[in-house]
There are 2 protein chains.
Amino acid sequence: MQADASRRTQRVIPGAGPTEEDRRLYSALGANAAKGVAVVTAHHGVWDNAVTVTDYLSVSYDPPTLLVSLYSLSRMAETVAEAGRWGLSVLAADQGAVADALGEQGSPLVGLLGQIPHFRRDPDGPALIDGALAWFELRTANTVEAATHTLVVGEVVAMGTASSPLARPLIRFRSEYLR
Amino acid sequence: MQADASRRTQRVIPGAGPTEEDRRLYSALGANAAKGVAVVTAHHGVWDNAVTVTDYLSVSYDPPTLLVSLYSLSRMAETVAEAGRWGLSVLAADQGAVADALGEQGSPLVGLLGQIPHFRRDPDGPALIDGALAWFELRTANTVEAATHTLVVGEVVAMGTASSPLARPLIRFRSEYLR
C-alpha cells in the first residue's frame, strides 16, 4: 500500500561524505528515538566514575548480555576498560536530577557520587543507583569499535531492582525528558 | 552518600552459568528499560522484509552511523545481510498497530507490507514507513556477533521524517506500549 503522506524532510548524504548540515540533521532526527535514561558506573582504584547514557541495549537473554555505546575517547570508556566490570542503573521518572548531575562529561571524579544515593552489591564493584527501576552488574565480554564509539558488551553478573514496582521510567525524547 | 532504600530483588548469577530463573528475571528487569519502537526493513530480490525492533542505537554522528541488534538466526538478519542496505523507521505513538503487525517473526513475506502505508526513496531500496517520526536508509558497514544476536552497524545514506513535528513517540515499557 502506498500512501501520499508528505515527506517533510529528506536528505541524501553526498558521496563525498556527510556535511555539517547532514550531521546536524542526523542529530535532530535521532532525537526522535525515545530512550530510557540510565547511568553507567565503574570503580577503578579509588575512583568511582559514572555517566548518564541513553545508548544501551540487551543483546541476549542466554547468557544475559547487555551492551553500552561509549564515546571512545571518553573518560568513562577508559574507566570501564580498566575496571573490566561496570554497572548499568535504569533510572526512574523522578531521577532527572541524577541524570543531569551525571550528564556532564568533564565533572571532577572527586565527590562525583557524593550527593547521589547509591549502593554496592560488591564492596569492590561498581556503584549502583538507589531508586533505579533495574540495575545490572556486568563483566566486559567484548569491546567493538564502531565509528567514534566503543560498544562494550557485558555479561550480567548480578541484577536487581531498587525501586517500587509502580515507578515509571525516565525517558529522553527530542532532547528533553518526556512528561 | 549511601541511602537505605530497600533492594526488592537481587540475584547473583551462579558461576556455572545462568539458570532458567535468571533468564526470566533478566527478561523482566530488562523490560524496565523504556524503548522507542521502530521498524527495520530490507528489500532483497522481489521480497520486502520488515520487523519491529526496540534494540537499536546511534553509534556516531560523524559519519552518521546506527546499529540494530537482530537475532542471528532470524529471517530479518538474513535479509539484511543479503541486501546490504536497510531502513529504520522510528514509529509514532499512533502506530502501535504497525508495530504489532510486524512483530510476528513467522509472518509470510507475501503481502507483509500490503496493509502498511509505506514509501521508497530509492525504487530498489528498503521500504520506509509512512508516518515515522524519523527514517534512516543505511548501508551495512560492519556486523558483529554478540551472544545470540548480530549487531548490524550501518552508515546513513539518506534520512528524513514522515510525520508531523507534533507527533509523539511509540514507546515500549514493561512489555506494553506506554500511554
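Keep in mind the model is a prediction, meaning the values are calculated, not measured. In the text below, chain A, chain B and the rest are named by the order of the sequence lines, each starting its count at 1.
Heavy-atom pairs under 4.5 Å with chain B were tallied for A:Ala38, A:Gly36, A:Ala141; the largest tally goes to A:Gly36. Chain B forms more heavy-atom pairs under 4.5 Å with one residue of A:Ser69, A:Ala132, A:Pro14, A:Gly15 than with any other, namely A:Ser69. In terms of heavy-atom pairs under 4.5 angstrom with chain B, the leader among A:Ala134, A:Ala147, A:Pro169 is A:Pro169. Among A:Leu151, A:Leu170, A:Val37, A:Val157, the residue with the largest count of heavy-atom pairs under 4.5 Å with chain B is A:Val157. Heavy-atom pairs under 4.5 Å with chain B were tallied for A:Val153, A:Val156, A:Asn142; the largest tally goes to A:Val156.
Follow the hydrophobic side-chain contacts under 4.5 Å out from A:Val39 and you never reach A:Met76; the two are in separate clusters. Taking hydrophobic clusters as Ile, Leu, Val, Met, Phe, Trp and Tyr residues chained together by side-chain heavy-atom distances below 4.5 Å, A:Ile116 shares a cluster with A:Trp47. In the hydrophobic clustering of ILVMFWY residues, with side-chain heavy atoms under 4.5 Å counting as a link, B:Ile129 and B:Leu70 come out apart. Following chains of ILVMFWY side-chain contacts shorter than 4.5 Å, one can reach A:Leu112 starting from A:Val98, so the two form part of one hydrophobic cluster. Hydrophobic clustering places A:Leu113 together with A:Val46 (ILVMFWY residues linked when any side-chain heavy atoms are closer than 4.5 Å, directly or through intermediates).
Between B:Leu133 and A:Asn32, the closest heavy-atom pair is CD1-O, 3.5 Å. Scanning both residues, A:Val59 and B:His149, for their nearest heavy atoms gives O-ND1, 2.7 Å. In plain terms, the two heavy atoms of A:Ala33 and B:Tyr56 that are nearest each other are CB-OH, 3.7 Å. Taking every heavy atom of both residues into account, A:Tyr61 and B:Arg23 meet most closely at O-CG, 3.4 Å. Here the shortest heavy-atom pairing between A:Thr148 and B:Asp62 reads CG2-O, 3.7 Å. When all heavy atoms of B:Phe173 and A:Ala167 are compared, the pair lying nearest together is CZ-O, 4.1 Å.
For B:Leu128, no part lies near chain A; criterion is any non-hydrogen pair under 4.5 Å. Of the atoms belonging to A:Val12, heavy atoms from both backbone and side chain fall under 4.5 Å from chain B. Proximity to chain B involves both the backbone and the side chain of A:Pro63, based on heavy atoms less than 4.5 angstrom apart. Of the two parts of B:Leu66, the backbone and the side chain both hold a non-hydrogen atom closer than 4.5 Å to a non-hydrogen atom of chain A. For a residue to count as touching a neighbouring chain, one of its non-hydrogen atoms must lie under 4.5 Å from one of that chain's; by this rule A:Tyr71 does not touch chain B.
When the options B:Leu25, B:Ile13, B:Leu29 are evaluated for a side chain to side chain contact (heavy atoms under 4.5 Å, CB included) with A:Pro64, the one that passes is B:Ile13.
Summarising the local packing, CZ of A:Arg174 is surrounded by more than 12 heavy atoms from other residues, nucleotides or ligands at distances under 6.0 Å.
Contact annotation: the side chain of A:Leu178 approaches that of B:Arg168 to within less than 4.5 Å [non-hydrogen atoms, C-beta and beyond]. Within the 4.5 Å cutoff, the side chain of A:Gln10 has heavy atoms near those of the B:Arg121 side chain.
Interatomic distance, A:Leu57 CG to B:Thr54 OG1, rounded to the nearest 0.5 Å: 8.5 Å.
With A:Tyr26 contributing its side chain and B:Thr65 its backbone, the two residues share a donor-acceptor pair below 3.5 Å.
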